[in-house]
Visitor: 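One structure coming up, written as structure tokens, with questions to follow.
Below, read A as the first sequence line, B as the second, and so on, with proteins coming before strands; counting in each chain starts at 1. What's counted below: heavy atoms across the whole structure, side chains too, no hydrogens, waters or symmetry copies.
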Amino acid sequence: MPEPKKSESANQELVRAVWEEARDLIKRLEGSTVQRFSVEAGDTKIEIERGMPAGASMVAAPAAAMAMPAAEDGAAGEPELDGRHPIKAPLVGTYYGAPQPGAPQFVQVGDSVEEGQTLAIVEAMKLMNQVQADRAGKISEILASDGDWVEFEQVLIYLEAAE
Amino acid sequence: MPEPKKSESANQELVRAVWEEARDLIKRLEGSTVQRFSVEAGDTKIEIERGMPAGASMVAAPAAAMAMPAAEDGAAGEPELDGRHPIKAPLVGTYYGAPQPGAPQFVQVGDSVEEGQTLAIVEAMKLMNQVQADRAGKISEILASDGDWVEFEQVLIYLEAAE
Amino acid sequence: MFEKVLIANRGEIALRVARACRELGVQSVAVYSTADAESAVVRFADEAVQIGPPAVGRSYLHIPSIIGAALKTGADALHPGYGFLSEDPYFAEICADEGITFIGPKPDVMEKVGDKATARQLMSAAGLPLLPGTVEPVNTLDEAHDISGEIGYPVIIKAVAGGGGRGMSVVHREEDLANLYQTTRATAQAVFKDSAVYIERYLETSRHTEIQLVCDSEGNGVYFGERDCSVQRRHQKLIEEAPSIHLNDDTRREVGEAAVRGALSVGYTGAGTMEFLLDLDGNLSFMEMNARIQVEHPVSELVTSVDLIQEQIRVAAGEKLSVTQDDVLPLHGHAIECRINAEDPDRDFAPAAGKLDVYVPPGGPWTRVDSHCYPGWTISPFYDSLIAKLIVWAPDRDRAIDRMQRALSEFQISGRGVKTTIPFHQRILDHPQFRSGDVTTDFVEQFMSEEAAAATAAG
Amino acid sequence: MFEKVLIANRGEIALRVARACRELGVQSVAVYSTADAESAVVRFADEAVQIGPPAVGRSYLHIPSIIGAALKTGADALHPGYGFLSEDPYFAEICADEGITFIGPKPDVMEKVGDKATARQLMSAAGLPLLPGTVEPVNTLDEAHDISGEIGYPVIIKAVAGGGGRGMSVVHREEDLANLYQTTRATAQAVFKDSAVYIERYLETSRHTEIQLVCDSEGNGVYFGERDCSVQRRHQKLIEEAPSIHLNDDTRREVGEAAVRGALSVGYTGAGTMEFLLDLDGNLSFMEMNARIQVEHPVSELVTSVDLIQEQIRVAAGEKLSVTQDDVLPLHGHAIECRINAEDPDRDFAPAAGKLDVYVPPGGPWTRVDSHCYPGWTISPFYDSLIAKLIVWAPDRDRAIDRMQRALSEFQISGRGVKTTIPFHQRILDHPQFRSGDVTTDFVEQFMSEEAAAATAAG
């Protein structure tokens, strides 16, 4: 809260030098997805925080495109760990991998899928919400199973790039 | 308060690079008197804070050596702006530039003084506390005048190096 | 008592409810949009479910997601807070269908009291005083003419479905009636999908006075005194206090008993508020009933020593009211609440949200802060701009004002782009007319034009 | 009323006093050591004077500097808070000489009640019950033998000048008397420069019960009920509550009236506390009088609705007490205070001070935090380790405990090297014996050995 008392506590030259380096540091972060970064060495701590539009700064990574629009949560893009692409729950509800009990699952691990293809259903109050692939790819992992309760944006399935 | 979500929001390589630069930055500050330093560029803020012994971290710059000991306030050294050396009040009280009313002032601007020479008096409850020079030098400025109320560590006189 | 209560809200009221649950030994479940993932209630509640994106239509107003969260966590009751779905009979009904106790009145009762015209009929039948005017909708211009003539001008035409100051027009002269009658109906149709309007006498100036009550399912009702909420800007309350210095004990008992009678007469259960206008001659007129807990409930809590949220949860769980009318009267001391918003009073109260780099709430004697904020929290543009409710108590009104001034003077809030209404509250509290207590609903408007005039004069 | 009050203290109590001054419309002056330059009271007070280095001997205990600051700022009164110079008759006298009103009793009265033996004589004369024992110092071993024989063992030998648990020895068997009598005198001489001791019956177990009172200069005195402070560790209070569930209304009135009578009999003015031991049969015995406001005063404020600091300032300014005895009785509800310290309960309460990176105090209904802390503040090793006093109120003790648990559960404090006593408080409040209220001054010791035993058993 108290402003750094430069005049009192800082060696002006040094400050100028450090300032330069700090600017470089900041430039390196431009365009990157880093929002908050901190290093500690012994008694010294350095912390870098980059502003974002207010609403967004608290927002988690966005849902993949879905049967339901997810646009308005305007969050920053999220990294695709080891190149896999997450398919997430469009709302809170019950997960089903098949159109109805007993029917074959929409997809199996290893299946190649087209953009727009239905991969699963999340049911909320009798409403069947289709979960569709927002890109073509190959099913690499299915994390949910029939009857699971899922949260909004919970990862249900991972796609990997098709060969 | 939330820890930076590195895994989610950071490009690992970049972080490593920035980390390196950050360490350089920290090294440059070692041994310097800088305690807290911050730069802002657009939406980005960078802040460096260096730890000190707890009690001291809030402590203002120390008093110059005085007729009364000032050791236990254990603060860091303070810069001597334009090379001048401050002589500060050893306690709260009334400033007098002379041993008694009507007597000549202890020192005038331009006088050369020896280490240990009495420069003024701060009176508190009838107690006359001598303010002595903690080094030899030349009186460059006298900021207080007879009868002024002064705070602890208020700068009373500036010394400059004698030719 | 319930096992687990889901809180279908956000911000300070969600935290307020979670605190009450904790004190009652009841588990709490927070629901949150992605914008609120770091919110205080998410950290504090026993469980939390992410229900949707920031847009309320897909999160806090999205019934399937909220019900889903309740079923997912096995909550046996749901607290709606205020706003959002708190007065939606359809939602209350769905909760019932899903076997979740909705903490509030029964859906049919909520619907009745929610309809202004119906509420006016029921309450006038129960003996509550109304302004001269119709209780039935006015369906033709001729009718409007006759009625307005009887009442005497000025009159006000109000949309039955209206509220919060929208869908109403004041008619000062008979020749304006036809035009305003038509436009009000048209607006009502457009805005509320219901063109029904009614007409009543218009009070040029009055005080907003409301009675807090709670009814249990055994037919017991208690009123918790009144609140004066006359310090409003465009129908947005800025400062509320309890009690009103303009009601004496007899009037308080009279209107309080009538309010409880009215509520019980429609089978009301839970916490509710009856809104009245108090004219300068001390006459009260029933305006409408709010079937929810209100933002300003803390001032009533502090002068009655009753935790209204806990009471609300108790009676919803089928328990008897924990207090009788005699326990809460006479009212104890005086309480004032200031709503601190992230708005810029110098720019017509434009939202001034952002990240709170500094947030240091006041503390000390009889100083209460109901807030979801902490250092680093971001006031999101997606939701209302309330930062904190600052409430103080003192033995009398003068000392309560002094205490509020002290508390406001130590409240530290700052962040890039963040402005608050604190300076505005300080100036209002400094105003001799506020100090005197002679405040009507047009006070803030007058106050602001005074300030504008002074500013112009100054330079 | 005063124009300007200088606050000769630091930390939470300095801020508490400054808040009271602000509410009374009195200017406040903070004094601070260089270690406290960024402290909350320095920011909040109307003026602030830097009086010395961190070491208290040259700042908060350095009379010339404090008087100097008062004269420099033209303060017409001085509030000493607790600790530091608050019970130093010499300091009170100097204030008087310098024309500064010391907010507390007159120097001679302070001196009288400060001397244990004298206080015991005066209070027994005023009809306060004492433990069987001497009111006069015991000057020879023979005397000691005779008296101990009369009283019956175990007895306790206490240094007249002692306090805070120092300078006292318990004698269980006659054969130990000679040795302990000599060593206690020697210690007393060494530590307090006064070898005088007295002897009284030793209660193996009892409850620490104290009466809060305020007397004005017109000879009016009011007692503000009692506090139970039995939850102590090595004579350091950890939890205090009001009222004591072990006093009934009659006993309360009896001892309260006796306490006021005793205070008035010595011409006491201002706020003070009479400490008693309450044995398991319900007998009270006067121990000593504290001629200052105490850390735990807020619990008494919340059950009497009186601001004791404001009252203290009023009577010092020559005003009449603002309340009568009837105004404050019966006591209203129940209040509990937890002292949150920067100490590590797992390392024998070793100080664990440092910078508070995170500091989010609890809020909400009937939750009071008296603290000088804010995010970024550093708890300095130069001073005591108190971070905050957390005080809650509820209609009854059970709900007060539930509320305290809720409040503790949301208190967030962290920083490098910082530990707090919060977990320890939570475990004590969870203990069935605390819940039952059957707590004596040896409870914490028992509790800790229970925990140690459980830990060993576990692993």
Visitor: Would you confirm whether the ring centroid of Tyr359(C) sits within less than 6.0 angstrom of the ring centroid of Tyr374(D)?
Guide: no
Visitor: Checking Gln310(D) against chain C: side chain, backbone, both or neither under 4.5 Å from a heavy atom?
Guide: side chain
Visitor: Measure distances from Arg16(D) to the heavy atoms of chain C and classify the residue's part below 4.5 Å as side chain, backbone, both or neither.
Guide: side chain
Visitor: Shorter than 4.5 Å, heavy atoms on both sides: which option in Ile309(C), Val306(C), Leu15(C), Ile401(C) has the most such pairs with chain D?
Guide: Val306(C)
Visitor: Tell me, side chain or backbone of Glu301(C) under 4.5 Å from chain D's heavy atoms, or both, or neither?
Guide: both
Visitor: Checking Asp396(C) side chain against Arg399(C) main chain: does a donor-acceptor pair fall under 3.5 Å?
Guide: yes
Visitor: Are any of the side-chain nitrogens in Asp402(D) or Arg435(D) under 4.0 Å away from the carboxylate oxygens of its partner?
Guide: yes
Visitor: State whether the side chain of Arg403(C) and the backbone N or O of Trp393(C) hold a donor-acceptor pair below 3.5 Å, judged by distance alone.
Guide: yes
Visitor: Chain C heavy atoms under 4.5 Å from Thr367(D): which part of the residue, side chain, backbone, both or neither?
Guide: backbone
Visitor: Any cation-pi pair here, Arg10(D) with Tyr32(D), using under 6.0 Å and within 45°?
Guide: no
Visitor: In terms of heavy-atom pairs under 4.5 Å, which option from Asp370(D), Asp307(D), Ile391(D) contacts chain C the most?
Guide: Asp307(D)
Visitor: Of the listed residues (Pro362(C), Ser409(C), Pro395(C)), which shares the most heavy-atom pairs with chain D below a 4.5 Å separation?
Guide: Ser409(C)
Visitor: Look up atom CG in Asn341(C) and atom OG1 in Thr420(C), then write down how far apart they are to the nearest 0.5 Å.
Guide: 9.0 Å
Visitor: Where on Pro298(C) is there a heavy atom nearer than 4.5 Å to chain D: the side chain, the backbone, both, or neither?
Guide: neither
Visitor: In terms of heavy-atom proximity below 4.5 Å to chain D, should Arg19(C) be classed as side chain, backbone, both, or neither?
Guide: both
Visitor: Do Glu12(C) and Ser371(C) meet the criterion of a side-chain donor-acceptor pair at a distance under 3.5 Å?
Guide: no
